[in-house]
Colleague: 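If you scroll down you'll find the structure; I have some questions about it.
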Amino acid sequence: MGEVTDRTASPIAGGGSAAADYDYLIKFLALGDSGVGKTSFLYQYTDKAFNGKFISTVGIDFREKRVVHRTIGADSSVGRTHRVHLQLWDTAGQERFRSLTTAFFRDAMGFLLLFDLTNEESLLNTRNWLSQLQTHAYCENPDVVLCGNKADLEDSRRVSEDRARDMAEKFGLPYFETSAVTGQNVTKAVDCLLDRVMARMDLYVDQSQMPKLKNGSKHPEHRAPHHSGNNGCSC
């Protein structure tokens with residue numbers, strides 16, 4: 001997975017003059033309780049830096065990044081490359097914004113579910129977030145990567161790696177211990193999610209396999225701008 005640009009300054013819609021600059025527009029949503037580090041995580045991913053100023057996200061915010069996704073074959077050979085424009089949506093964790101943030105669930109193609117390794121309650125609440133996804137996402141089993149954030153605060157850890165992995169395995173999720181401060185596994189977690197989404201899109205070449213939405217239609221974003229991608233998750 002390679003970078004094209006770190007980020008852009010303004011949103012780019014699915015069409016327009018910039019459409020020829022990428023093959024796919026992929027939307028990811030970062031979820032989790034307030035204070036688990038979603039904003040800092042995304043800032044680290046897009047800017048390779050830590051923003052230590054805590055400002056609680058109000059409603060929805062987002063960042064962007066261009067990457068090159070490389071298809072990896074079953075024999076580990078590198079196949080086609082695709083230019084991907086990532087929109088990384090940052091959601092507020094507070095309950096009072098829940099009705100607003102869940103309205104964006106259906107438009108996202110993958111989810112980064114974060115909890116705080118120094119806060120046991122934030123791990124327990126991942127069950128509630130997964131329940132919200134089942135209700136509001138475009139299908140009942142969307143692609144989700146679980147991230148135990150703040151791995152740099154080892155002395156304050158309240159959730160063991162084994163316990164977090166048990167939770168991830170219970171729900172069938174890839175798991176990464178991440179740090180928005182050091183950058184530990186931040187890129188790996190996003191890359192893993194992108195691998196899974198691109199692999200799912202490959203399956204959708206056969207339209208009969210498209211998951212049905214609540215209203216019986218199919219997810220519009222899985223109609224790639226130029227052609228369909230393919231890859232298996234390498235995480």
Side-chain angles (χ1 to χ4, degrees), residues 1-31 41-48 60-91 104-112 133 137-139 141-145 147 174 176 185-213 217-235:
M1 198 89 62
E3 292 183 20
V4 177
T5 61
D6 283 341
R7 66 184 176 96
T8 56
S10 60
I12 296 178
S17 61
D21 294 337
Y22 57 87
D23 302 309
Y24 296 101
L25 170 63
I26 303 290
K27 299 177 183 180
F28 289 164
L29 223 66
L31 305 172
F41 179 101
L42 296 181
Y43 191 93
Q44 174 63 244
Y45 177 69
T46 58
D47 289 50
K48 304 296 185 185
I60 293 285
D61 195 5
F62 76 93
R63 305 186 68 80
E64 296 179 298
K65 186 169 181 175
R66 298 285 184 87
V67 300
V68 174
H69 182 270
R70 294 181 175 86
T71 300
I72 306 298
D75 59 353
S76 298
S77 61
V78 177
R80 291 182 300 172
T81 62
H82 303 113
R83 299 165 300 172
V84 177
H85 184 94
L86 285 177
Q87 284 188 352
L88 301 143
W89 291 84
D90 182 11
T91 61
F104 287 81
F105 284 13
R106 195 179 301 277
D107 290 330
M109 300 171 72
F111 300 88
L112 295 157
L133 283 179
Y138 71 91
C139 71
N141 62 333
D143 290 307
V144 182
V145 170
C147 299
F176 293 88
N185 287 334
V186 168
T187 297
K188 286 184 178 180
V190 179
D191 284 353
C192 177
L193 182 57
L194 183 56
D195 284 344
R196 294 170 74 87
V197 168
M198 295 295 280
R200 184 184 289 244
M201 289 175 66
D202 185 40
L203 293 177
Y204 297 164
V205 171
D206 178 1
Q207 293 295 308
S208 66
Q209 297 185 51
M210 284 285 283
K212 293 297 182 64
L213 298 182
S217 61
K218 295 182 171 68
H219 196 290
E221 289 297 341
H222 284 126
R223 296 195 300 269
H226 302 301
H227 51 73
S228 62
N230 63 87
N231 188 40
C233 180
S234 61
C235 53

Colleague: Check whether NZ of the Lys or CZ of the Arg K65 lies under 6.0 Å from the centre of the six-membered ring of Y45 and within 45 degrees of that ring's axis.
Modeller: yes
Colleague: Which atom names give the shortest non-hydrogen contact between R196 and V145, and what distance separates them?
Modeller: CD-CG2, 4.5 Å
Colleague: Is any side-chain heavy atom of F28 less than 4.5 Å from a side-chain heavy atom of V197?
Modeller: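 Heavy-atom side-chain distance check passes, below 4.5 Å.
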Colleague: Decide yes or no for H85 and E64: does some side-chain heavy atom of the first lie under 4.5 Å from some side-chain heavy atom of the second?
Modeller: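 Result yes, sub-4.5 Å side-chain heavy-atom pair found.
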Colleague: Minimum heavy-atom separation for Y138 to A108, with atom names?
Modeller: CD2-O, 3.4 Å
Colleague: Applying side chain to side chain contact (heavy atoms under 4.5 Å, CB included) between R63 and each of L86, D47, D90, report the one that passes.
Modeller: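 One option only clears the test, and that one is D47.
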Colleague: Between R70 and T81, which heavy-atom pair has the shortest distance, and what is it?
Modeller: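 Between these two residues, the closest heavy atoms are CG-CG2, 3.5 Å.
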Colleague: Parallel, tilted or perpendicular: which describes the rings of H82 and Y24, with under 30° parallel and over 60° perpendicular?
Modeller: perpendicular
Colleague: Just verifying a value: how many Å separate N185 CG and Q44 CD, rounded to the nearest 0.5 Å?
Modeller: 11.5 Å
Colleague: With L193 as reference, evaluate V144, I26, D143 under the side chain to side chain contact (heavy atoms under 4.5 Å, CB included) test and give the passing residue.
Modeller: D143
Colleague: Do you know which two heavy atoms are closest between A137 and R106, and how far apart they sit?
Modeller: O-NH1, 4.0 Å
Colleague: Of all heavy-atom pairs between F105 and L31, which one has the smallest distance, and what is that distance?
Modeller: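 Taking F105 first and L31 second, the nearest heavy atoms are CE1-CD2, 3.5 Å.
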Colleague: Side-chain contact, heavy-atom cut-off 4.5 Å: V190 with V67?
Modeller: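 No, their side chains stay 4.5 Å or more apart.
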Colleague: Check whether any side-chain heavy atom of H69 sits under 4.5 Å from a side-chain heavy atom of D195, and report yes or no.
Modeller: yes
Colleague: What heavy-atom pair brings P142 and F111 nearest, and what distance separates the two atoms?
Modeller: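 Taking P142 first and F111 second, the nearest heavy atoms are CB-CE1, 3.7 Å.
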Colleague: Roughly how far apart are D21 CG and R83 CZ, rounded to 0.5 Å?
Modeller: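 Reported value, rounded in 0.5 Å steps: 7.0 Å.
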